[in-house]
J.: 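So that we are looking at the same thing, I have put the structure below in structure tokens.
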Number of protein chains: 2
Amino acid sequence: MSDRVLDAAPTPSRKRDPDASRQRILAAATDEFASKGFGDARVDEIARRAGINKRMLYHYFGSKDGLFQAALEEIYETICHAGQALELAAIEPRPGLAKLVDFVWDYYAANPQSITLLNTENLHDARHLRFSVRTQAIHPPFEELIQDLLDRGVAADEFRPDLGAVDLYITIVGLVYYYLSNSATLSVFFGRDLRAPKPLKNWRRHVHETIERLVLKNPGSSAAEIDRGLVRPYK
Amino acid sequence: MSDRVLDAAPTPSRKRDPDASRQRILAAATDEFASKGFGDARVDEIARRAGINKRMLYHYFGSKDGLFQAALEEIYETICHAGQALELAAIEPRPGLAKLVDFVWDYYAANPQSITLLNTENLHDARHLRFSVRTQAIHPPFEELIQDLLDRGVAADEFRPDLGAVDLYITIVGLVYYYLSNSATLSVFFGRDLRAPKPLKNWRRHVHETIERLVLKNPGSSAAEIDRGLVRPYK
DNA sequence: GCTTTTATTCACCGTCTAGTTACTTATGAC
DNA sequence: GTCATAAGTAACTAGACGGTGAATAAAAGC
């Protein structure tokens, strides 16, 4: 009938693989949203990066907003599942605390996309996450996980008895997340590259120390500090 | 010559006030960028909010990017100047530390725009701030300010001797900033409203406590904790 | 083999948006 | 007063961008 039909006829047409396509779109979207934010992210660019036709993106996710929500939900689930795999219950309170700090640090250092995606969602007042039925079904494991760790530490007379699990979690993540999220402006501010290996390593150590001092009943006697001869145990 | 000219002729034409116009544009831009991010911010909306013609915006700031940069530079200067006005040198180390925490908390709690603007700039890898000649001339006061505070605290045998000023600053701001910046997603995460007055007050107290424990040589004897009967001084 | 379903492609569109052109008028210097 | 300059306005545009209609081909069901 028209040139359109004739042109469309000899399409090479890739082998079908809906799951893979969906996944490629999602990965490309996560990249694009994480590196540009919502408004500056380009739907055409996501399609190009995913190597699929833009139409598919609307087929699977409905809209740019739907796509952002899907990317965010995936990140949210990843974080929750990683937390569940932590298995803190099996180890002693103090090394458990250190392991928790390492986990948070390693996760966000390895997944900076999570940070920018979460920042974007906070800019939008969490309106995607708040109304997401998919994520509401997932109970974040952190509160119980940490409460148990704290309880055991208190029982062993090592931890303070008056610290809440949520406060501790936010403290750990805050120290890790803020440093990584704002290292660009902080580096300008202080005139040094905070993302160089040495400052990064230093900050990781600093977070460990800060958290120990916050949680331990008797922080002055922190093993690390005794080793460095800075304090001496007074028991 | 044309209808255009005839239509344009009978303009009401406001009294001239370039400085006020510039300021109104900047304030509107700060609002708009802070609430929507860069890509979702609308130049037309900024002009509308400022009550000026869009053309003026380009007259003063050249482009959307130029406008964002100007808004950011203003925030940066505001933060620096506020820091300079702190006058920590005049007071004792321990109340000085508490005053510093209060200052950071009060500033970001009262200026949430600073947070979202800085987040947006970090998303862009600080490319506006990095090349801003205007802000490079301003030396941020925090490092020396805090170093002096720490030095005096160490001399008085109250503070740890091995804590860097930059680490301390980032710790304080991190705890404050992360909580405020991410309260929306954190509230969903933990199923409670972290922006309600009570949690906010609690977090402020928590930051004070965390910082005291981090900085004090002898954190177990924190006055606040002694008051609450949680610990007893062991000197 | 035939039908139904669904993944995929191509061509296309209406609107929105940063930025501009062309012009007017207030203000201050002389 | 007048003249240069800067502040201000309205109308306009080129292109980008999110989103869609319709046709097609590959699987899946029978």
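The chains referred to below are lettered A, B, ... by the order of the sequence lines, with proteins before strands, and numbering in each begins at 1.
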J.: In whole angstroms, how far is the P atom of D:dA7 from the CZ atom of B:Phe61?
T.: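 So the two atoms are 12 Å apart, to the nearest Å.
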J.: Quick check: on DNA chain D, is the nucleotide nearest A:Arg55 upstream (toward 5') of the one nearest A:Gly39, or the reverse? Name the residue that is more 5'.
T.: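 Upstream on the strand: A:Gly39.
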J.: I'd like to know if A:Asp125 pairs up with B:Arg195 as an ion pair, taking the criterion as any Lys NZ or Arg NE/NH1/NH2 lying under 4.0 Å from an Asp or Glu carboxylate oxygen.
T.: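 Salt bridge between A:Asp125 and B:Arg195, a charged N being under 4.0 Å from a carboxylate O: yes.
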J.: Categorize B:Ala47 for me: base, sugar-phosphate, or nothing, with a 4.0 angstrom heavy-atom threshold over every strand shown.
T.: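 Touches nothing.
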J.: Give a yes or no on whether a salt bridge exists between A:Lys36 and A:Glu45, defined as a side-chain N under 4.0 angstrom from a carboxylate O.
T.: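 Salt bridge flag = no for A:Glu45 with A:Lys36.
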J.: Is a donor on one side and an acceptor on the other found under 3.5 Å between the side chain of A:Arg55 and the backbone of A:Ile52?
T.: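 No, A:Arg55 side chain to A:Ile52 backbone: no donor-acceptor pair under 3.5 Å.
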J.: For A:Asp65 and D:dG18, what is the distance between atoms CG and P respectively, to the nearest whole Å?
T.: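 Going from A:Asp65 (CG) to D:dG18 (P), I get 11 Å.
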J.: Are any of A:Ser63's side-chain N or O atoms less than 4.0 Å away from OP1 or OP2 of D:dG18?
T.: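 Checking A:Ser63 against D:dG18: no side-chain N or O falls below 4.0 Å of OP1 or OP2.
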J.: Are OP1 or OP2 of D:dA16 and a side-chain N or O of A:Arg42 less than 4.0 angstrom apart?
T.: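 Answer no for this pair, as no side-chain N or O of A:Arg42 is under 4.0 Å from OP1 or OP2.
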J.: Hey, what do you get for OG (A:Ser63) to CD (A:Gln69), rounding to the nearest 0.5 Å?
T.: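 Taking OG in A:Ser63 and CD in A:Gln69, the distance rounds to 9.0 Å.
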J.: On the nucleotide D:dA6, are OP1 or OP2 found under 4.0 Å from the side-chain N or O atoms that B:Tyr60 carries?
T.: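 No, no such contact exists.
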J.: Specify the separation, in whole Å, of atom CD of A:Glu32 and atom C1' of D:dC17.
T.: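 About 13 Å, once rounded to whole Å.
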